[in-house]
Number of protein chains: 2
Amino acid sequence: MAPRGEVRRLHRNRRDVPLYEMVDSLIRKRLVENVWSPGAMLPSEIQLAREFGVSQGTVRRTLDALVAEGLLYRRQGVGTFVSEMEDRRSLFLFFNMVADDGRQEMPAARLLGAEFGQANEEEARRLAIAVGAPVRRLRRLRLFRETPMIVEKVVVSDALLPGLGTEVPLPDHLFRHYEVAYRVTVVEADETVRAVGAEPEDAALLELAVGTPLLQIDRVAYALQRRPVEWRVSRCDTSGQSYRIHRG
Amino acid sequence: MAPRGEVRRLHRNRRDVPLYEMVDSLIRKRLVENVWSPGAMLPSEIQLAREFGVSQGTVRRTLDALVAEGLLYRRQGVGTFVSEMEDRRSLFLFFNMVADDGRQEMPAARLLGAEFGQANEEEARRLAIAVGAPVRRLRRLRLFRETPMIVEKVVVSDALLPGLGTEVPLPDHLFRHYEVAYRVTVVEADETVRAVGAEPEDAALLELAVGTPLLQIDRVAYALQRRPVEWRVSRCDTSGQSYRIHRG
DNA sequence: TAGTGGTCTAGACCACATT
DNA sequence: ATGTGGTCTAGACCACTAT
C-alpha cells in the first residue's frame, strides 16, 4: 500500500505536474499490476484522498477521467469498480459487423489451425517484440447463422499469453479470454481496412469465387500503456453485411 | 442576452436536472444559433457564471465537457473559443486514407457533375427530410498525386445548404465550405464500409478493370443535435492505400 | 442508518498571455 | 498590471443503495 500522503510528497519535487495526474498514474499502476482486478471495488473517494494526501475533489477529478475512458465505472450509493470486458462497450467496440437487415450477432468461431512459431519481422513490429520471439498463431473461420463469413488470422506473443488455447478450448470471444485467463485487458485498437480479392484459400473457406471482393481488416489491439496484445487480420464477405464506424 | 440568473430560475422548477446540464443546453443553443460563431471567443468563465447565476466551478465543468467534445477549445491566459473545422481534428477525423508508404495527403477533387433534384426515399431517410424535398447531388473524382483513387457521390438538402456550388467553385474540403459559407458545422459521422466490385462506371474513372475490389464508404455526416448534413458514398481503390480507424 | 457517489459553492493560489 | 484559464481545497447538501 502507498503510504499516506504519497502524492503530496512526490509533488513537492515536481511542481510542474498536476496532482491529479500523479493520482492518475498511481491508480493506473495498480490497475496494470492488478492490485485492483477487473470487477473489484476501489476504496471510496474519501479513503483514496486520505491515502494519497489530496482532497476528495482531486481524486474525483481523476476518477471522472478514468470513468470517461471506460477503465472504471461507478454505481451511485455503492462504489467505484474496475471495468470488465462486458462492462465496457467491448463486445461492440471490437465487434462491429452489422447484417444488412440490421441484426448484430456475435459470430461463432471455428478453429482451423494453431501453431507455435517465431516472430517474423512483421509480427515483431506489430507486437513490439523481438524477431524470433515465441508467438502463437491461430486461424479461425467465423460463421453467422452457420454461414461462413470471415476468415481470420491471429498472432499473439507467447510470452504475454503463454500457451494460448492449449489448456482450454478457445471461446468465441478472445478478448474476454485474455482478461480472465491472463489478466490482460484490451482497451484500444488501431485498424486499417481495405478491399482485396479472395485468394483461393479464402474462396474455398467462404464458399465464394476466387477474386470476390472481401473487406480486409488489419487490427492491432492494445492493453494499457499501448502494450500490443494481438495482431489480427480478418477477411470478410461483405455481400450481406457491413462494418460500422462512428466518428466524432 | 440571457437575463442574469437564468439557469437558477429555471432550476427551481426542475430539481431533477443538474445545473451543469442546463448550462450545457444554454451554451449549445447559442452555438447552434451562431450567437457565438466558430472562431469567436466566449465570455470568461466568471462572466458566464454571473450571467447564468451559477458558480464558476459549474460553468467550468460544462466547458470542460464541451472542450472534451471538441466543440470549444481554450487558450490559457487568453480565453475560450468556438472550434472551427481546422481546430478540430476535422481534416483527419473525416479524412483517413493513408498511403502504404505512410503518407497522408488531402486529395484534390474534380467535379464530374452536379444537379438539383428531389429526394428519393433513401436520400430522404438518410438526410431526415421529406421525400421529394429539394436536394443537391454532386459527383466527384478524387486524385492523389494526379492518380484517380476515389469516386464519390454527395447528396445534401438544398434547404440546409441552398445552391451549393452555384455561387463559387467548390473547394476540395467540403466540410470547411459548409462552415464558412453556410455556418453549418459537421461534428460527427456514421459510416459503414464494405468491399464491392468496380462497376463499369467506376472502372472507367479509376482506370481499373470492372470487378476490381473497391472499398465502399457510406457516410452520413451530422451537425449539432445530430442534424444530418450530407450523405456521401465513396468508392476507393485501396490497392496502394488503406482506411484508418481507431477504436477505444 | 450509514456509507457511497453526485452536485455545487466560494475562494485561494498559480501559470500564462496581452497590454 | 490585468485578466484569462488551470489547479486545488474544504465543506455543504442531495440521491442512492445496502443493511
Side-chain angles (χ1 to χ4, degrees), chain A residues 4-27 36 39-68 70-83 87, chain B residues 4-27 36 39-68 70-83 87:
Chain A
R4 192 160 168 154
E6 171 174 9
V7 172
R8 176 59 48 138
R9 225 180 41 255
L10 292 170
H11 197 238
R12 287 216 190 82
N13 305 324
R14 325 186 84 207
R15 263 287 170 19
D16 49 329
V17 181
L19 285 178
Y20 67 83
E21 276 187 23
M22 308 195 73
V23 173
D24 186 271
S25 302
L26 289 168
I27 293 178
W36 298 321
M41 188 174 95
L42 269 60
S44 75
E45 297 176 351
I46 295 281
Q47 283 177 297
L48 288 172
R50 264 204 297 267
E51 186 183 336
F52 294 144
V54 301
S55 74
Q56 188 207 357
T58 300
V59 168
R60 187 169 182 80
R61 174 175 184 160
T62 302
L63 295 182
D64 279 345
L66 292 167
V67 167
L71 254 42
L72 306 176
Y73 66 93
R74 302 194 224 247
R75 288 173 50 200
Q76 185 172 5
V78 185
T80 303
F81 301 81
V82 183
S83 296
D87 304 323
Chain B
R4 193 159 165 153
E6 173 174 9
V7 172
R8 177 57 47 133
R9 225 179 41 256
L10 293 170
H11 197 238
R12 286 216 191 82
N13 306 323
R14 324 185 89 209
R15 263 282 167 29
D16 48 330
V17 181
L19 284 178
Y20 67 83
E21 277 188 23
M22 307 194 74
V23 173
D24 186 272
S25 302
L26 288 169
I27 293 178
W36 297 322
M41 188 174 94
L42 270 59
S44 75
E45 297 177 351
I46 296 282
Q47 283 177 297
L48 287 173
R50 263 204 296 267
E51 185 182 339
F52 293 143
V54 301
S55 74
Q56 188 209 356
T58 300
V59 168
R60 187 169 182 80
R61 174 173 185 163
T62 302
L63 294 182
D64 279 344
L66 292 167
V67 167
L71 255 42
L72 306 177
Y73 67 92
R74 302 194 225 245
R75 288 172 51 198
Q76 185 171 6
V78 184
T80 304
F81 301 81
V82 183
S83 295
D87 304 323

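What you see below is based on every heavy atom in this structure, not just the backbone, and it leaves out hydrogens, waters and symmetry mates. These numbers come from a predicted model, not from an experiment. First the proteins, then the strands, lettered A, B, ... as listed; each starts at 1.
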Interatomic distance, B/R74 atom CZ to B/D64 atom CG [nearest 0.5 angstrom]: 4.5 Å

Would you check if A/L71 and A/V82 make a side-chain contact, meaning some heavy-atom pair closer than 4.5 Å? no

Return the set of residues passing ring-ring contact (aromatic ring centres under 6.0 Å, His included) with A/Y20 (not counting sequence neighbours), or none when no residue passes. none

Counting distance only, does the side-chain N/O of B/E21 pair as donor-acceptor with the main-chain N or O of B/P18 below 3.5 Å? no

Just to verify, what does A/T58 make a side-chain hydrogen bond (donor to acceptor under 3.5 Å, both in side chains) with, not counting sequence neighbours? A/S55

Between C/dT4, D/dT4, C/dT9, spot the one nearest the side chain of A/S44, thanks. C/dT4

Options C/dT9, D/dG5, C/dG5, nucleotide nearest the side-chain atoms of B/L19: C/dT9

Tell me which nucleotide among C/dG5, C/dT7, D/dG5 gets nearest to the side chain of B/R60. D/dG5

Can you measure B/Q56 atom CD to D/dT7 atom P for me and round it to whole angstrom units? 12 Å

Between D/dC8 and A/Y20, is there an OP1 or OP2 to side-chain N/O distance shorter than 4.0 Å? no

Take atom OH of B/Y73 and atom P of C/dC16, then tell me their distance rounded to the nearest Å. 19 Å

So, is B/T80 near the phosphate of D/dT4, with a side-chain N or O under 4.0 Å from OP1 or OP2? no

Give a yes/no on whether any side-chain N or O of A/T58 is located under 4.0 angstrom from OP1 or OP2 of D/dT9. yes

Taking only N/O atoms, report every protein-nucleotides 17-19 of chain C pair under 3.5 Å with atom names and distance.
| from | atom 1 | to | atom 2 | distance (Å) |
| --- | --- | --- | --- | --- |
| C/dT18 | OP1 | B/R75 | NH2 | 3.3 |

Determine, step by step, whether A/F52 and A/L19 satisfy the side-chain contact (heavy atoms from CB on, under 4.5 Å) criterion, reporting the C-alpha distance in whole Å, the side-chain angles of both residues, the deciding distance to 0.1 Å, and the verdict. CA-CA 10 Å; A/F52 294 144; A/L19 285 178; over 6 Å; no

In terms of the nearest nucleotide of DNA chain D, which residue is placed more toward the 5' end: A/R61 or B/M41? B/M41

Atom-pair distance (CD on A/E45; P on D/dA12), nearest Å: 17 Å

Let's go through B/I27 and B/L63 carefully: what are the C-alpha distance in whole Å and the side-chain angles of both, what is the deciding distance for side-chain contact (heavy atoms from CB on, under 4.5 Å) to 0.1 Å, and is it a yes or a no? CA-CA 9 Å; B/I27 293 178; B/L63 294 182; 3.9 Å; yes

Let me check the geometry of the helix from C/dT1-D/dA18 to C/dT18-D/dA1. What is the bend angle between the axes at its two ends, five pairs each, to 10°? 0°

Can you name the residues that form a side-chain hydrogen bond (donor to acceptor under 3.5 Å, both in side chains) with A/T80, not counting sequence neighbours? none

For A/Q56, give me all partners under side-chain hydrogen bond (donor to acceptor under 3.5 Å, both in side chains), at least two apart in sequence or on another chain. A/E45

Within the structure, does a side-chain N or O atom of A/R74 lie under 4.0 Å from either OP1 or OP2 of C/dT4? no

Separation of D/dC8 atom C1' from A/L63 atom CG, nearest Å, is 16 Å

